Every structure is written in C-alpha cells, then in structure tokens.
Amino acid sequence: MIHRAHGRGPWRGHGRNVPRRAPFAMNDSSAIVTRFAPSPSGHLHVGGARTALFCWAFAKGRSGRFVLRIEDTDQKRSSDAASIGFAKDLHWLGILWDEGPIWQGTGGGAHGPYFQSERLDIYNAHLQRLIDAGHAYYAFETAAELDAKRKAATAGGRAYRYDRAALQLSAAQVQEKLSAGTPAVIRLKCPGHDVTICDEVLGEATIPATEIDDFVIRKADGFPTYHFAVVVDDQLMQVTHVLRAQEHFTNTARHMLLQDALGFRRPAYAHLPIICNPDGSKMSKRDKDKALRKAVAERGLSAPPAATVDATVWNAWLGDKNIQLELDAAQRLADAIGVTLPEINVDDFKRSGYLPEVIINFLALNGWSPGNDIEKFDLEFLRTHFDPKRVVKTPAKFDRVKLMSFNCDAITGMTPEDFERRAAAHGNMYHPDFMARLGPAGFTMLARASQERSKTLDDMFRGNRFLMLADDDLCWETSKQVQKAMLDGSPCGADHLESLLPILEAHSSWTATDLEALVKPFADAHSGGQLGKVAQPLRVAVAGGTVSPPIFDTLAILGRESSLARIRRCTAHFKTLRAASPR
RNA sequence: GGCCCCAUCGUCUAGCCUGGUCCAGGACACCUCCCUUUCAAGGAGGACACAUGGGUUCAAAUCCCAUUGGGGUCACCA
C-alpha cells in the first residue's frame, strides 16, 4: 500500500497510541535533513521560532543539515516577498541554517534556489509529469464560481468537495481552452482511498477518502500551491524529517498523495502542538491588530491621531476586519493612544528586554521537556537532548509570567560586567537618548544599581524615566505612598528633607558611599535610626515617586546639582501643599 | 457542521508505552511569615491537579469503551 508509511525514520513511537516501528537502517546518503519553511516576512513569530528551533536541534544533534526555505508562492502577499527580515531574529536566537538564502555568512547550498518563486521551472516539469501520467488535470472554474458552489453547499449543511466537472471535458476541449488562454488551474486526481498518516508525535490517523478532494496544485497565475511546492522541495532538498506545526496535520494526507503520484520517498513527520494565548486561542500575528481595534473602539476614536496612520488607510482598516495595519503604523498608533501591543514576534520580546538564550529555553519548554525535572538549559543542551519522542500532543498556553521569571533568573545570574555590556547594547539600540543623557559613568552606576532588581534589560530604562527629566519638569505623584512618605508623622518627611537640605548643600563629595555616610547619622539623630523615614522623602524628592534604585545610588547618578535642585523644589512644593490643606 | 487529534495543579509539565515504588514530582503564579531605605530580589513555610461515567484487573493517572470539554482543519493562504 503506497499510502502507508511504515518502517520509516529512526524515530520510535511513544505514548498510548503509537505503534512501534523498526529503526530505519541508515546509510551514508541518508543524513538527517530538516527544514524550516516560512513565508517571507520581516518578523519571526514565536511559534515559528520554536519550529525552527526544534528543526535545528533535531538535525544538528544528529550531524544532519538544517535547511531554510522561503515559501513565497503567494503573489498577492508578495509585496514584501523579498523581505526575510526574520533572518536577523533567527540569527539573534543562534539558530543558523546550513542551507538556504545567503545571509551574513550563512546559507547557500547545492539544492537551491531556496526561494520557491525562483523554482517555477522545477515545479512545472513535475507538474507536466503528473499531467502526462494522468495524475493531474486542468480545471477552468473561476474562483468566483467555486465560491458560489461552496456557499451553496455550506448553506445546505454539506461540506464542499470539488465535483470533478473538469474531468468531463474532452482532451480536445481542454486543449482548445488552453490555447484560447482561458485561465486554468491544475488539480491532483486523487486515487480515492483513505490515507493513513503516521506521525511521530500524534501517532497514526486515517483520513477518509471523502475528506480529500482534487485539490489545486497549480494556481491560475502559474505558481504552485503550497502543497505542491512543499512536496517537490522536500524531495529535492533531501528532507528526511518534517517538523511543523499541528495545523498542518491534515495537509499531510494531501502531501502523501502527492508523493505517491510523483513517485517520491516519504519523509518522517512530526507535528508540533500549537502555541496559544492564555485564553486558549491560537497565538497569532493578528492579535496585535485585535488589541488595537479593541482599544480604538473603547476610546471611540473616529479619526487617527496625528502622525500615526494615513486617513485613507485608517478608514479602510476600520471598515474591514480582514485588513491589518502595517506593523510600524500599528506601533505608532499604539504609542499614540497608549496601549501596549501583545508581544508576538521574537523582535517584540527582544525590544522588551528578554535574552535570546532565555527565549530559546522557554520556547523549547512549550511542547517539549527533557524530563528529570530539568528546566533550565541552553542551545547546546537542546541540540544534544532534543527528541521528538518527548514532544507533547497538547497545545501549550504561552505563559509570559514564567518567561519573565526565567529572564529574571538569567539577569541576576550574570556577572555585573556582562549585565552592563548587554544592557548597554540594549540601551543603545532602543534608548539612545537615555544613554546619551546618562553618559558612560552614569550608565555604569545605573547598571550596577539596577541589575538585581531587573527582570528584563529594558527595566532600567522603563522604570527610571525621572532621570531623563529636566529638574524643573519633575512632578510629584499624589499617591497615598507619597503622601505618607512626605506628610505623615511629626516630624514628617518634608520636615526631614528641609533639615537635611543644608547638610547636603554643605557637602561637596557626591558618591553613594559618601552620601550614605552623611545621611545615616542624620537618620540616627532625627528618626530614631529609621533610615526609611529619611530615605523615602529623599526618593520622592528626586524621583517624583516612591520607586527608584537604592537612594544613594540614585542621588549619585543624578549628580549633586540636579539632586539639590530637585530637593529644593520639592521642599517648596510640599510647603505650599501643606499651607493649602493643613492636616 | 463533516473530518482529525487531544485531555495530570491557575499555567508549563514529569509520570502513561513496560498497571503496583504516585494518598501524583518539578517549575511559574498564588497565600503566610522573615529580611528590608522604596521597588524588586532573597529565605522559610503553605494551599493547589489525574475531566466524568462505565469496564478490565488482586491492583488503574497509567489499559479499553462512552460522555463531556478543548484544539486543529475543511482556499487558486501558507
């Protein structure tokens, strides 16, 4: 039975329903080859990143090859077809391909080109073979006609299957339409038997023949469909193991039919569980658009904020749920209306200050685990330990909180030098104004003061905006904590501040240790040794609120003049506040 | 809706194939306390799961069936 896939691949079944298979005898020409085959995009989705990661680990852990192939057969989405911006994301994560598009020293290979749009001749040759053998045929229905039939079927409660009307045409009729230039697709003539998929993680599943109709393998524009291109390329690129997302599971039946018709060998399949949002829905790039639409609706916005989105684009977008804003425009809009878009792409997590090694580690834990209660590991460990046998079947909800915790552990575990270096790289990329304002010495101080309370590389920038403010622009929060720090007790914080000010003003050395040596005795003398009674008012004075790095570090980073200016303004501010509403 | 797949703490998961060592282990989150100049971090405790119902068996989280619930997929997208 050609549609069965027994005895293939070195993977062994596991779990309840997986029949065991004999190990596949390997010979020299049967090196392991995996591939990651995304459509072109500027950004790598975390789900895609995990697929790439597992493909990479499986091949590299077995002295195999990892191929990157770009599936750009959809001309409608080809506006950015040349863009494989995600290459930088893969690179950042440390996932390098042995074969594929040439990018910064990696790529190339003997089985290219690796863009499907450049392989049309190859597909056409195999397509012709199929037609000649009677395994495929031309069909002339338009997309609109098919749509109508599909609608009618669904309305009648039936699933639509292509009716093979084109098969009624005589060879002469077909030829006539073809020479007349009538748009035509090519469909596979399915053999009409059930197909049993043998999946290395899901086990065996039989798809009934009635579920697979004569699907299109070449579109009217002359491009192959995904199904056809995948099967041809996997064969030609010598792919032995296909690891891909579970959403492709039922497609596998089509691919197997195609392999049989073309006389190709069958790679082993492993379908990875989907990565979901906390609410259980599939994590998708569209989630950003959804979040934005929700925010716009909640705010009752009828026109785009200035300098975010073009008015016509805006109207088109609001008028059609199927349209998504360009990522840049979406980000501008989100910034303007103050919403945080969900992190979906690898790039998003990078911007948020996550470490690549942590993302790798955490991603691998979604759908796989090495067992023995091991949770923390690196790429090299994954390479040597990854095994599809241990991939789980259930969808995983992506837990950003746990990711954050892993990131925090990694950051606190770094040497101070490492942290400073990596935080500086992050700052230079995403917060250049901040870096310029602090200067190298200030940055070093801030980095040292921030590491143990940083969960991401971005925290020290996000959390210390007060450092960027001009002294005169600082405002004081009206929160309960601030009230308490400044006005509670007698003497209250503001009083302490006032008596401390001349002492500070008389002091010229402005290092953290010197300041501490100055303020500690003051607290001993004036607040019964409770440093908090003095430190908190100081903090509020210079930071505007009750949260900052350790206070003496904060003062040192800010510098003498700024600190004193802020303290003076603060004392005055709370004096008028107290005068206005005596407690 | 048809078809396919899945089902262990709130979440990621170990255990399931080869039934007993599991009144179910780890991690994140959560709760309590400690530490503390804020926020974190850290330390010590704690609560929390085998979806339900039937079988099989001396014995079931583990095997079988049903129910329920969840996911995927049904394009000239990939």
Side-chain angles (χ1 to χ4, degrees), chain A residues 12-20 37-39 71-74 76-77 139 141-143 146-147 150 154 157-161 183-187 197 199 202-203 205-208 210-213 215-221 223 225-227 229-230 245-251 253 271 273-274 276 278 280-282 362 365-376 392-399 401-406 408 412 450-455 459 463 481 485 516 519-520 523 530-536 538-540 543 545-552 554:
Chain A
R12 219 73 47 77
H14 72 103
R16 296 186 249 281
N17 306 315
V18 187
R20 299 187 162 253
S39 37
E71 312 227 317
D72 56 347
T73 54
D74 185 359
K76 286 196 255 352
R77 294 188 201 172
E141 292 86 353
T142 65
L146 292 171
D147 258 5
R150 211 173 344 255
T154 333
R158 286 169 291 114
Y160 176 74
R161 300 280 118 87
V185 301
I186 297 177
R187 286 177 183 270
I197 304 169
D199 186 85
L202 260 16
T206 300
I207 311 292
T210 51
E211 291 301 310
I212 312 164
D213 66 358
F215 55 99
V216 173
I217 54 179
R218 189 178 76 175
K219 303 179 245 184
D221 65 4
F223 277 61
T225 59
Y226 158 74
H227 304 295
V230 159
Q246 244 171 51
E247 65 203 51
H248 288 296
F249 185 64
T250 25
N251 285 336
H271 287 92
I274 306 271
C276 298
S281 63
K282 187 165 130 188
F362 185 71
L365 246 21
N366 276 254
W368 179 81
S369 75
N372 298 120
D373 293 338
I374 297 170
E375 273 204 313
K376 301 288 180 73
V392 301
K393 305 176 182 188
T394 49
K397 289 179 183 138
F398 193 82
D399 184 357
V401 179
K402 185 161 178 174
L403 203 216
M404 178 80 84
S405 164
F406 273 38
C408 178
T412 45
S450 300
Q451 180 173 5
E452 67 173 11
R453 69 205 71 244
S454 285
K455 296 189 172 192
D459 285 1
Q481 293 95 312
E516 184 166 3
V519 176
K520 273 253 170 76
Q530 288 183 280
L531 190 52
K533 290 269 188 263
V534 184
Q536 276 306 79
L538 265 176
R539 194 186 310 280
V540 169
T546 55
V547 179
S548 87
I551 186 57
F552 304 116
T554 304

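Bear in mind that the values here come from a model prediction, so they are computed numbers and not experimental data. Lettering follows sequence order; numbering is per chain, from 1.
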RNA chain B: A:Ser369 or A:Lys520, which has the more 5' nearest nucleotide?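 Closer to the 5' end of RNA chain B: A:Ser369.
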Closest nucleotide of RNA chain B for A:Leu403 versus for A:Glu141: which of these residues is on the 5' side?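 Final value for this comparison: A:Leu403.
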Taking N and O atoms by type only, does the side chain of A:Glu247 place a donor or acceptor under 3.5 Å from a partner on the base of B:rG71?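 Checked by distance alone, the answer is no.
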Is there a donor and acceptor pair closer than 3.5 Å between the side chain of A:Lys402 and the base of B:rA27?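 Between B:rA27 and A:Lys402, which were checked side chain against base, a qualifying N/O pair under 3.5 Å is present.
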Identify whether any heavy atom of A:Glu452 sits under 4.0 Å from a base atom; if not, whether one sits that close to sugar-phosphate; answer base, sugar-phosphate or nothing.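 The residue A:Glu452 makes base contact.
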Heavy atoms under 4.0 Å, any strand shown: does A:Val185 hit a base, just sugar-phosphate, or nothing?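 Result for A:Val185 = base.
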Is there a side-chain polar atom (N or O) of [X] under 4.0 Å from OP1 or OP2 of [N]?
X        : N      : value
A:Arg150 : B:rA75 : yes
A:Lys76  : B:rA75 : no
A:Thr210 : B:rG2  : no
A:Lys282 : B:rU73 : yes

Of the candidate nucleotides [options], which contains the atom at the shortest distance from the side chain of [X]?
X        : options                : value
A:Val392 : B:rG26, B:rA14, B:rC74 : B:rA14
A:Lys455 : B:rA78, B:rA40, B:rC3  : B:rA40
A:Ala535 : B:rG72, B:rC6, B:rU37  : B:rU37
A:Val547 : B:rC76, B:rA29, B:rC39 : B:rC39
A:Gln536 : B:rG26, B:rU38, B:rC4  : B:rU38
A:Lys219 : B:rU37, B:rC6, B:rA78  : B:rA78
A:Arg187 : B:rC76, B:rA78, B:rU38 : B:rC76
A:Asp74  : B:rG26, B:rU37, B:rC77 : B:rC77
A:His227 : B:rC5, B:rG26, B:rA78  : B:rA78
A:Thr394 : B:rC76, B:rA40, B:rA7  : B:rA7

Do [X] and [Y] have side-chain heavy atoms sitting under 4.5 Å apart?
X        : Y        : result
A:Glu247 : A:His271 : no
A:Glu452 : A:Pro550 : no
A:Thr73  : A:Thr225 : no

Which nucleotide, if any, forms a Watson-Crick or G-U wobble pair with [N], using both distances under 3.5 Å?
N      : result
B:rC77 : none
B:rC28 : B:rG10
B:rU62 : none
B:rC3  : B:rG72

Using the [atom1] atom on both, measure [N] against [M] and round to a whole Å.
N      : M      : atom1 : value
B:rG69 : B:rC77 : C1'   : 30 Å
B:rU52 : B:rU62 : P     : 11 Å
B:rG46 : B:rC9  : C1'   : 14 Å
B:rU8  : B:rA47 : P     : 23 Å
B:rC28 : B:rA66 : P     : 40 Å
B:rG2  : B:rU18 : P     : 34 Å
B:rA49 : B:rC6  : P     : 26 Å
B:rC48 : B:rA29 : C1'   : 11 Å

Report the C-alpha distance between A:Arg453 and A:Asp459 in whole Å, list the side-chain angles of each, state the deciding distance to 0.1 Å, and finish with yes or no for side-chain contact (heavy atoms from CB on, under 4.5 Å). CA-CA 8 Å; A:Arg453 69 205 71 244; A:Asp459 285 1; over 6 Å; no
Backbone N or O of A:Leu365 within a donor-acceptor pair of the A:Ser369 side chain at under 3.5 Å?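 No, because the side chain of A:Ser369 does not come within donor-acceptor range (under 3.5 Å) of the backbone of A:Leu365.
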For the pair A:Asp399 and A:Asn366, evaluate side-chain contact (heavy atoms from CB on, under 4.5 Å) and give the outcome as yes or no after the intermediate values. CA-CA 9 Å; A:Asp399 184 357; A:Asn366 276 254; over 6 Å; no
Take atom NZ of A:Lys219 as the centre, draw a 6.0 Å sphere, and report whether it contains more than 12 heavy atoms from other residues, nucleotides or ligands.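 Yes, enclosed.
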